There are 2 protein chains.
Amino acid sequence: MPAAKKTSKTVAPPAPVKAATINDIARLAGVSKKTVSRIINRSPLVRQDTRERVEALMREVGYSPDPMARGLAFRRSFLIGMVYDNPTAQFIVNMQYGALDALRDSGFELVVHPCDSRSPGYIDGVRRFVQQQKLHGVMLVPRVSEDQALADMLGAIGCRYTRIAAVALDEPSRMVVTHDRDGAAEAADYLQSLGHRDLALITGPRSYRSAIERTDGFVGALVKRGIELPKARVVEAGYTFESGVAAAEKLLSGKRKPTAIFCGNDEMAAGVYRVALRAGINIPRQLSVVGYDDSPLASRLWPPLTSVRRDTRDTGRVAAAMLIQAEEGAGARPAASVRPHLIVRDSCQPPDS
Amino acid sequence: MPAAKKTSKTVAPPAPVKAATINDIARLAGVSKKTVSRIINRSPLVRQDTRERVEALMREVGYSPDPMARGLAFRRSFLIGMVYDNPTAQFIVNMQYGALDALRDSGFELVVHPCDSRSPGYIDGVRRFVQQQKLHGVMLVPRVSEDQALADMLGAIGCRYTRIAAVALDEPSRMVVTHDRDGAAEAADYLQSLGHRDLALITGPRSYRSAIERTDGFVGALVKRGIELPKARVVEAGYTFESGVAAAEKLLSGKRKPTAIFCGNDEMAAGVYRVALRAGINIPRQLSVVGYDDSPLASRLWPPLTSVRRDTRDTGRVAAAMLIQAEEGAGARPAASVRPHLIVRDSCQPPDS
DNA sequence: CTGAAAGCGCTTACAG
DNA sequence: CTGAAAGCGCTTACAG
């Protein structure tokens with residue numbers, strides 16, 4: 001009773017056109033599925049004309065191999081994990097964009113895994129994540145990238161990983177080094193060149209490698225120019241806006257105020273702005289400020305903040321690319337490297353002495 | 001020659017303890033693998049004591065089913081996709097946190113898929129993403145959530161999805177409604193209650209549903225209180241800081257300035273702050289400002305910005321939860337709903353008239 | 001350079 | 001409530 005069709009309550013969904021499989025391709029091309037498999041996996045053991053013929057067919061049919069079937073056979077998925085512990089939103093997002101740049105059209109996808117590195121079971125959580133999903137590899141973002149115990153665990157279970165950190169903490173093939181020391185040194189040189197001699201520094205927590213490197217880079221560059229930074233001019237804060245406010249209050253409450261402050265990140269620099277505003281200290285006339293990150297916040301502040309830019313997106317791209325590149329050949333080459341540089345805006349000028 | 005061991009250049013990695021499979025569990029428990037499978041899939045057709053015995057065994061061995069094998073057999077992965085087109089970083093990140101809240105310990109993972117909804121092939125790109133990975137479902141975040149063509153495509157290929165939008169654009173079982181109209185109305189009521197009668201509005205692009213809803217909500221609430229908003233007091237901008245600056249310049253250049261401005265988001269509100277600062281207009285004494293989003297920026301600004309908060313994390317949680325909940329039972333229930341509310345800070349006060 | 005067989009770890013029908 | 005057989009779409013040995 002064909003008329004009944006019309007009375008059915010729900011329209012039948014369009015018959016899902018079953019996607020072609022490796023068997024379809026093999027049959028249509030008149031080769032074995034193993035040959036198709038070789039082509040999928042870029043094996044050189046296929047005659048050129050066979051390869052071209054089959055590839056043309058694959059395009060025509062719109063065939064793409066099933067990652068789950070491949071993963072099951074390979075005992076490894078086509079998933080890259082990104083593990084991080086709560087950096088700023090912009091940093092995470094840029095890192096993700098970068099990773100996806102590298103993964104585009106590779107057949108790999110990005111799975112995100114934020115975690116709390118202060119919670120006791122977090123390494124176990126990452127292990128479960130990696131093992132359950134049989135991840136192809138993971139990107140370790142600061143600050144989890146600095147945790148040697150995490151890296152050791154991944155090594156022990158045989159999981160590929162790349163660590164993004166201020167300095168090389170691991171074999172070159174597993175590192176993307178961001179050279180925070182150089183970025184901070186550039187900030188120091190810049191302030192020095194403007195004529196500042198009485199400087200101050202608000203650092204991130206010393207438990208972060210980035211904070212240590214930025215501090216050392218800044219202090220080292222000043223020393224090289226013959227400028228001493230007294231202990232009282234270095235305040236450790238927490239990389240947050242609020243901690244930046246507290247640190248700035250300490251630094252700007254005395255009678256002899258520094259003429260310039262370098263902050264370990266933009267959030268803390270925003271804290272300095274807040275205190276300066278309340279205290280009636282004009283930036284940059286009475287106080288120069290430099291941040292680190294070149295976050296969107298830097299240009300929202302008034303005056304726009306001079307800040308050290310790190311190309312986070314590029315960093316993420318490199319870290320992900322290393323994970324999906326061929327295993328071999330990575331032996332001898334040096335660690336991947338991303339360099340920061342100063343973006344000059346309007347938050348600094350010579351001290352009016 | 002056992003001594004040779006010591007001369008090997010690389011230490012052999014610890015024999016990877018092969019993870020237990022469904023077969024191991026079945027054998028150890030003395031049941032068929034099908035019974036184990038039933039337990040994995042929470043089938044009620046298993047005797048209670050059998051279930052408990054097997055589950056204890058699974059915990060003991062640390063067994064967890066291979067998602068790729070399950071996916072291959074189910075013809076569907078255990079991956080949830082999040083598709084979005086460049087909202088602010090904080091919004092994306094909060095949405096991801098929320099989605100992960102819902103996915104935690106569910107066996108599902110979150111795969112991110114930013115895209116450019118103005119590029120011609122973007123719907124095709126999402127389709128390939130969904131079909132290649134055989135995604136279990138996708139979350140559509142504004143503004144791609146507002147694209148009916150995208151939703152239609154997903155419906156056509158039989159892909160589950162949830163749309164997060166200012167109003168219901170689809171069946172209730174597929175919607176998380178954010179009620180932007182109400183949030184904007186609350187802002188209007190607040191400004192009206194302070195005594196403002198000469199108000200202005202900087203909206204996002206009318207191509208965003210959120211912009212329309214916030215506009216209508218704001219204007220509608222004012223009308224209800226007998227306040228008219230002249231055309232010249234409504235400026236359409238682009239949801240960006242720069243566009244906010246341009247809009248504010250237009251609004252604040254005339255001789256008769258509004259006493260309060262409501263902005264479609266915090267970025268544009270930051271633009272208003274910038275213009276006010278340059279023009280020597282004191283916020284809140286001469287100008288009250290309200291934003292939307294309650295982003296971190298809101299509390300970085302000075303004075304801290306009163307803004308409409310939307311609980312983005314919760315929104316993401318709900319959207320993801322809908323995707324992994326049982327199919328049935330979702331029929332009759334109303335669309336999921338998340339309500340915005342005003343966070344009062346220091347950017348508003350009665351007009352000094 | 002190419003192929004037939006067996007297997008990756010699960011589930012779906014189909015029986016009982 | 002439980003199970004034996006076949007299959008999901010690939011790859012890895014092993015032959016030729």
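Quick caveat: nothing in here was measured; it's all calculated off a predicted structure. Protein chains get the first letters and strands the later ones, always in sequence-line order, with residue 1 at the start of each.
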Tell me what B/N23 touches on the nucleic acid: a base, only sugar-phosphate, or nothing, going by heavy atoms under 4.0 Å. nothing
Comparing B/K33 and B/L72 on DNA chain D - which has the more 5′ nearest nucleotide: B/K33
Does A/R38 or A/A20 map to a spot on DNA chain D nearer the 5' end, using the closest nucleotide for each? A/A20
If you define the side chain from C-beta out and look only at heavy atoms, does anything of B/L72 sit under 4.5 Å from A/D66? yes
Evaluate the side-chain proximity of A/I22 to A/P65: yes if any heavy-atom separation is below 4.5 Å, no if none is. no
Start and end of the DNA chain C segment that chain B contacts, any atom under 4.0 Å from a heavy atom: C/dG9 to C/dT12
Answer yes or no: is there an ion pair linking B/R163 with B/D170, defined by an N-O contact shorter than 4.0 Å? yes
So which atom in B/I123 and which in B/M153 form the shortest heavy-atom distance, rounded to 0.1 Å? O-CE, 3.6 Å
Name the residue from A/F74, A/F108, A/Y161 that meets the ring-ring contact (aromatic ring centres under 6.0 Å, His included) definition with A/H136. A/F108
Salt-bridged, B/R174 to B/E171, with N to O below 4.0 Å? yes
Counting any heavy atom closer than 4.0 Å, what does B/Y63 reach on the DNA or RNA strands: base, sugar-phosphate only, or nothing? sugar-phosphate
What stems involve DNA chain C, if each pair must be Watson-Crick or G-U and both of its distances must be under 3.5 Å, with 3 or more such pairs in a row? C:1-3 with D:14-16, C:5-12 with D:5-12, C:14-16 with D:1-3
Does a side-chain heavy-atom distance below 4.5 Å link B/I40 with B/R70? yes
Closest heavy-atom pair, B/G137 versus B/C159, reported as atoms and distance to 0.1 Å, is CA-SG, 4.4 Å
